[in-house]
Amino acid sequence: MTVIRTSPGPNPLRGWQVDPATIRYVGEGLQRPECILARPDGTLFTADARGGVVAIARDGSQRLIAQQADHHFDLAADAASSLLTGTLPNGLAFDAEGNFLIANFGTDRLEMMTPGGATQVLLSELDGAPMGKVNFVLRDSRNRLWVTISTRINPWSDAICSTLHDGYLLLIDERGARIVADGFSFTNEVRLDAAEEWIYVAETTAKRITRLRIREDGSLTDREIFGPGNLGKGLIDGISFDAYGNLWGTMFLADRLIALTPDGELLELLDDGNDAATAEFEAAFATGESVSFDTLSRCGGTIAPWLASVTFGGPDLKTAYLGSLKGSRLPYFTSPVAGLPMVHWR
């Protein structure tokens, strides 16, 4: 396995873990803040189940940006309906003009929303058929869009099993939209290394990271597993590179934060899960059958319940923010290493 090129010197994550006592919070009343974008000026944008994003300014003030607010999300009244149906903005990116690109996990569409809230559908079908559960979107330095579809199963909770491999990866460029890789186990977040030579894919229900080499025309080759073939308890969800070359990851349901070093070694950075509920989930998952929503719902910790993503921000990119599906605010802490700047940062 080829290793990631790193910054010189010892790995800043080796021997380091998040101290829960140092975690602080920003935002309030957020609804399903699954993905977070950070800007150099300190503004944060987080996906919100009311149908758009919440902008959080440096002074903590916040505002909802949505063409029409959707009020279906109420975890206390009906968790299943809130998390499985309705508009569910999930993965976020900025386009070259500063508009929001939204992978909507509820409407099964790739959407674009202006900073004023005007929305249009960029992609809802592929070859005349529904795409499936659109999970994440990433823009590269060539203005190409990489879009993940987790599964064609609806509701998505029925796809939380180890025997389904119907996820795929789309590329959208000047040639249009096309599938460039498929057969994934619940395709989730994707990231590019610093040189944009490899794309890394979180295969949620396979509990692993897969990577593929990017050719000049956007086609992919040399598919391989990066790091351990099984990342342990929970399901890999969000991933993000730091400047050293470590790939951080969130383990959904077990609420673990991990990192893979450039040579693929697994480091444990935080464990905030409910051990009993996680054990119940793992036993059900090991059967190969779909895990019930009731079992899923009992999982999760208290810091970022149903931990889903990690994003670097702050003026030095050393502030790490955690996204979640059940949280109402964003936990953050200081990382010993800066994050890898995303394309919109540069």
Side-chain angles (χ1 to χ4, degrees), residues 31-32 34-35 37 45-53 64-73 81-140 142-160 164-190 199 201-202 204 218 220 237 308-309 325:
Q31 296 187 4
R32 199 180 176 277
E34 199 276 352
C35 185
L37 293 176
F45 300 91
T46 181
D48 194 277
R50 283 165 287 193
V53 302
L64 174 68
I65 305 173
Q67 187 173 32
Q68 183 176 354
D70 184 306
H71 300 290
H72 82 286
F73 194 89
S81 177
S82 296
L83 292 164
L84 301 178
T85 67
T87 181
L88 297 171
N90 205 71
L92 302 177
F94 287 113
D95 70 12
E97 288 72 45
N99 300 305
F100 299 99
L101 300 170
I102 301 174
N104 197 313
F105 207 53
T107 63
D108 300 345
R109 307 182 307 200
L110 178 64
E111 302 165 348
M112 187 275 284
M113 186 176 72
T114 69
T119 304
Q120 69 180 79
V121 177
L122 297 182
L123 194 64
S124 61
E125 294 182 342
L126 193 66
D127 298 328
M131 292 191 294
K133 307 309 294 182
V134 183
N135 188 304
F136 192 71
V137 55
L138 181 72
R139 180 169 66 93
D140 68 17
R142 295 173 56 174
N143 214 29
R144 300 178 297 191
L145 302 182
W146 303 89
V147 183
T148 65
I149 287 75
S150 295
T151 178
R152 298 184 188 270
I153 300 295
N154 196 8
W156 62 262
S157 56
D158 288 350
I160 301 300
L164 184 66
H165 317 290
D166 67 339
Y168 59 97
L169 176 62
L170 285 177
L171 174 61
I172 304 175
D173 59 10
E174 68 279 358
R175 295 167 51 192
R178 61 193 182 277
I179 297 175
V180 288
D182 59 11
F184 293 110
S185 302
F186 206 95
T187 335
N188 213 302
E189 287 198 7
V190 292
I199 187 164
V201 182
T204 293
L220 302 176
D237 193 330
S309 68
L325 269 65

Indicate the atoms forming the closest heavy-atom contact of [X] with [Y], along with that distance.
{"X": "Ala47", "Y": "Pro89", "answer": "CB-O, 3.4 Å"}
{"X": "Cys35", "Y": "Phe136", "answer": "SG-CE1, 4.1 Å"}
{"X": "His72", "Y": "Ala49", "answer": "CE1-O, 3.6 Å"}
{"X": "Ala202", "Y": "Asp237", "answer": "CB-O, 3.5 Å"}
{"X": "Pro115", "Y": "Asn99", "answer": "CD-OD1, 3.4 Å"}
{"X": "Gly91", "Y": "Glu34", "answer": "N-OE1, 4.3 Å"}

### Message
Filter on ring pair (Phe, Tyr, Trp, His ring centres under 6.0 Å), then keep only pairs touching residues 85-104, sequence neighbours left out; what's left?
### Response
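Counting only pairs at least two positions apart or across chains, the ring pair (Phe, Tyr, Trp, His ring centres under 6.0 Å) contacts touching residues 85-104 are Phe45-Phe94, Phe45-Phe100, Phe94-Phe100, Phe94-His344.
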#### Entry: Test salt bridge (Lys or Arg N to Asp or Glu O under 4.0 Å) applied to Asp173 and Arg144, Arg178, Arg139, the passing residue
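With Asp173 as partner, salt bridge (Lys or Arg N to Asp or Glu O under 4.0 Å) holds for just one option, Arg178.
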### Task
Give a yes or no on this: more than 12 heavy atoms of other residues, nucleotides or ligands lie within 6.0 Å of atom CD of Gln68.
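No, because the 6.0 Å sphere around CD of Gln68 holds 12 heavy atoms or fewer from other groups.
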Exam field: side chain [X] to backbone [Y], donor-acceptor pair closer than 3.5 Å:
{"X": "Asp108", "Y": "Val134", "result": "no"}
{"X": "Thr151", "Y": "Gly167", "result": "no"}
{"X": "Asn90", "Y": "Ala103", "result": "no"}
{"X": "Asp166", "Y": "Arg152", "result": "yes"}
{"X": "Tyr168", "Y": "Met131", "result": "yes"}
{"X": "Thr187", "Y": "Ile149", "result": "yes"}

### Task
With side-chain contact (heavy atoms from CB on, under 4.5 Å) as the test, would you mind laying out the steps for Leu110 and Ile172 before giving the verdict?
CA-CA 11 Å; Leu110 178 64; Ile172 304 175; 3.7 Å; yes
### Task
Decide yes or no on side-chain contact (heavy atoms from CB on, under 4.5 Å) for Ile179 and Leu169, but give the supporting numbers first.
CA-CA 6 Å; Ile179 297 175; Leu169 176 62; over 6 Å; no
#### Entry: Aromatic ring pairing Phe105/Phe186, orientation class (parallel under 30°, perpendicular over 60°, tilted between)
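Taking Phe186 first and then Phe105, their aromatic rings stand perpendicular (interplane angle over 60°).
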From [X] atom [atom1] to [Y] atom [atom2], the distance as rounded to the nearest 0.5 Å:
{"X": "Asp70", "Y": "Thr87", "atom1": "CG", "atom2": "OG1", "answer": "6.0 Å"}
{"X": "Met112", "Y": "Leu123", "atom1": "CE", "atom2": "CG", "answer": "13.5 Å"}
{"X": "Thr46", "Y": "Gln31", "atom1": "OG1", "atom2": "CD", "answer": "11.0 Å"}
{"X": "Lys133", "Y": "Leu88", "atom1": "NZ", "atom2": "CG", "answer": "7.0 Å"}

### Message
One pair to check against side chain to side chain donor-acceptor pair (under 3.5 Å): Thr148 and Asn188. What are the steps and the verdict?
### Response
CA-CA 6 Å; Thr148 65; Asn188 213 302; 6.0 Å; no
### Query
Looking at Glu111 and Arg109, does any basic side-chain N land under 4.0 Å from a carboxylate oxygen?
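Yes, Glu111 and Arg109 are salt-bridged.
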### Pair Asp48 + Arg50, salt bridge at N-O below 4.0 Å
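Counted as a salt bridge, because a side-chain N and a carboxylate O are separated by less than 4.0 Å.
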### Message
Evaluate Thr119 against Ile102 for side-chain contact (heavy atoms from CB on, under 4.5 Å), listing each step before the verdict.
### Response
CA-CA 10 Å; Thr119 304; Ile102 301 174; over 6 Å; no
### Task
Check step by step if side-chain contact (heavy atoms from CB on, under 4.5 Å) holds for Val147 and Leu101.
CA-CA 10 Å; Val147 183; Leu101 300 170; over 6 Å; no
### Task
With the side chain counted from C-beta on, respond yes when Leu145 and Leu171 share a heavy-atom pair under 4.5 Å apart, and no when they do not.
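A side-chain contact under 4.5 Å is absent here.
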